[in-house]
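What follows is a short report on a single structure.
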Amino acid sequence: QVQLVESGGGLVQAGGFLRLSCAVSGRTFSTYTMGWFRQAPGKDREFVGGISWSAGRTNYADSVKGRFTISRDNAKNTVYLQMNSLKPEDTAVYYCAARGGIRLWLEPEEYDYWGQGTQVTVSS
């Protein structure tokens, strides 16, 4: 069974930064594509970014491109989301997700495993 646990959320002022972590249990972490999603109240869950199993490829939503960076440490079974220049519209619950394979999937339904989420609140 694969389990994902996010951490690092919190309250930050606009312009600030946070780094989210997602620790993954399971001996095949290095073969998973990892994604970050977020969901604001009353809105659908949306793709933030993803990283391939080898960390050789990443992709990002246009809304976060240039501000957010995804990285992973396969030795630690952990994926990170560095969020800089945060805006109030970044406020949401952030989730990490995993799926085996080599593609960078964009849709929530394409991922098999999910964390419980961590709240990020950006004040203006």
Side-chain angles (χ1 to χ4, degrees):
Q1 185 69 15
V2 177
Q3 291 187 321
L4 288 70
V5 179
E6 301 97 336
S7 61
L11 173 64
V12 64
Q13 289 188 332
F17 64 90
L18 285 173
R19 188 175 83 153
L20 306 184
S21 299
C22 174
V24 182
S25 66
R27 53 195 172 101
T28 58
F29 170 74
S30 61
T31 65
Y32 293 144
T33 289
M34 300 297 299
W36 283 97
F37 291 80
R38 66 186 182 186
Q39 188 165 18
K43 295 188 177 182
D44 293 335
R45 191 167 298 189
E46 66 172 355
F47 175 77
V48 173
I51 187 166
S52 63
W53 68 271
S54 67
R57 292 177 294 139
T58 55
N59 61 347
Y60 299 93
D62 288 343
S63 59
V64 306
K65 203 170 293 184
R67 300 188 297 123
F68 291 10
T69 303
I70 297 175
S71 61
R72 66 190 293 164
D73 185 337
N74 286 344
K76 295 182 178 180
N77 280 18
T78 302
V79 62
Y80 304 97
L81 179 65
Q82 178 68 41
M83 305 185 295
N84 298 329
S85 302
L86 282 162
K87 305 175 181 180
E89 51 263 44
D90 294 318
T91 295
V93 177
Y94 283 70
Y95 300 90
C96 65
R99 172 172 172 167
I102 61 174
R103 285 182 56 195
L104 289 172
W105 289 276
L106 305 180
E107 301 297 331
E109 56 267 24
E110 295 174 314
Y111 284 81
D112 297 320
Y113 306 102
W114 290 85
Q116 83 289 350
T118 185
Q119 177 70 46
V120 171
T121 303
V122 184
S123 63
S124 57

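Being a predicted model, the structure only gives us computed values, none of them experimental. All heavy atoms count here, side chains included; hydrogens, waters and symmetry mates do not.
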Check the hydrophobic clustering (I, L, V, M, F, W, Y; side-chain heavy atoms under 4.5 Å; chains of links allowed) and say if [X] and [Y] are grouped together.
X	Y	answer
Val79	Leu104	no
Phe47	Val93	yes
Leu81	Leu86	yes
Val120	Trp36	yes
Leu18	Val64	yes

Task: With sequence neighbours excluded, residues passing side chain to side chain donor-acceptor pair (under 3.5 Å) with Asn59 - done: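 Result, side chain to side chain donor-acceptor pair (under 3.5 Å) vs Asn59: none returned.
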- [ ] List for me each residue that meets side chain to side chain donor-acceptor pair (under 3.5 Å) alongside Thr121, sequence neighbours excluded, and say none if there are none.
- [x]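 Gln119.
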Task: ring pair (Phe, Tyr, Trp, His ring centres under 6.0 Å): pairs with one or both residues in residues 71-108, sequence neighbours excluded - done: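 Listed once each, the pairs would be none.
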- [ ] Hey, could you give me the CE/CZ distance between Met83 and Arg19, rounded to the nearest 0.5 Å?
- [x]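 The CZ atom of Arg19 is 11.5 Å from CE of Met83, to the nearest 0.5 Å.
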Could you tell me whether the side chain of [X] and the main chain of [Y] form a donor-acceptor pair under 3.5 Å?
X	Y	result
Thr78	Ala23	no
Thr33	Gly101	yes
Asn77	Ser25	no

Restricting to side-chain contact (heavy atoms from CB on, under 4.5 Å), what partner residues turn up for [X], sequence neighbours left out?
X	answer
Thr58	Ile51, Tyr60
Ala40	Lys43, Ala92
Thr28	Thr31, Tyr32
Val5	Gln116

Could you give all pairs that pass the salt bridge (charged side-chain N to carboxylate O under 4.0 Å, His left out) test and reach [range], with sequence neighbours left out?
range	result
residues 49-63	Asp62-Lys65
residues 98-119	none
residues 67-92	Arg38-Asp90, Arg67-Asp90

Open item on the list: side-chain contact (heavy atoms from CB on, under 4.5 Å), that's the test. Do Leu20 and Glu6 meet it? Break it down for me.
Closed with: CA-CA 7 Å; Leu20 306 184; Glu6 301 97 336; over 6 Å; no
Task: Qualifying residues under ring-ring contact (aromatic ring centres under 6.0 Å, His included), relative to Trp114, sequence neighbours excluded - done: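 Here the qualifying residues are Phe37.
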On a heavy-atom basis, which atom in [X] and which in [Y] lie closest, and how many Å separate them?
X	Y	value
Ala14	Ser124	CB-CA, 4.3 Å
Met34	Ala98	SD-CB, 3.5 Å
Asn74	Trp53	ND2-O, 3.1 Å
Phe17	Asn84	CB-OD1, 3.4 Å

TODO: Could you list all the disulfide bond (SG atoms under 2.5 Å apart) pairs where at least one residue sits in residues 11-98, not counting sequence neighbours?
DONE: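 Applying disulfide bond (SG atoms under 2.5 Å apart) to every pair that reaches into residues 11-98, excluding sequence neighbours, yields Cys22-Cys96.
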TODO: Could you tell me whether Ile102 atom CD1 has more than 12 heavy atoms of other residues or ligands within 6.0 Å of it?
DONE: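 Incorrect, the count does not exceed 12.
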